[in-house]
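In what follows, a single structure is set out as structure tokens and then discussed.
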Amino acid sequence: MTEQNDPPPTARRRFFSALGLAAVAAPAAAFEVDGGTGGLPPARESEAEKRKARYRETDHVRAYYRTNRY
């Protein structure tokens with residue numbers, strides 16, 4: 001019997017290396033060129049932002065509660 005020297009399967013290796021590159025590039029793509037976070041929450045909040053009221057019961061919230069009997 002003769003020994004066959006097949007090249008290693010490179011397509012699978014390229015797929016996994018591209019997958020790793022995508023995992024690194026995805027969080028970097030969330031930041032805009034001007035330094036904004038593109039809708040992500042800010043990294044730190046000031047004391048005033050921490051204490052302000054965040055929940056507001058508006059008309060559409062009341063309508064939702066009324067229609068779903070909460």
Study note, to complete from the structure: Smallest heavy-atom separation, E49 atom then R44 atom, equals OE1-O, 4.3 Å
Revision key, fill the gap. Shortest non-hydrogen pair, E57 vs R62, comes out as O-NH2, 2.7 Å
Check your understanding: For K52, which residues count as a salt bridge (Lys or Arg N to Asp or Glu O under 4.0 Å) partner, sequence neighbours excluded?
Key -> none
Review point. Is R66 reaching over with its side chain to a backbone N or O of V61, donor-acceptor style, under 3.5 angstrom?
Key: no
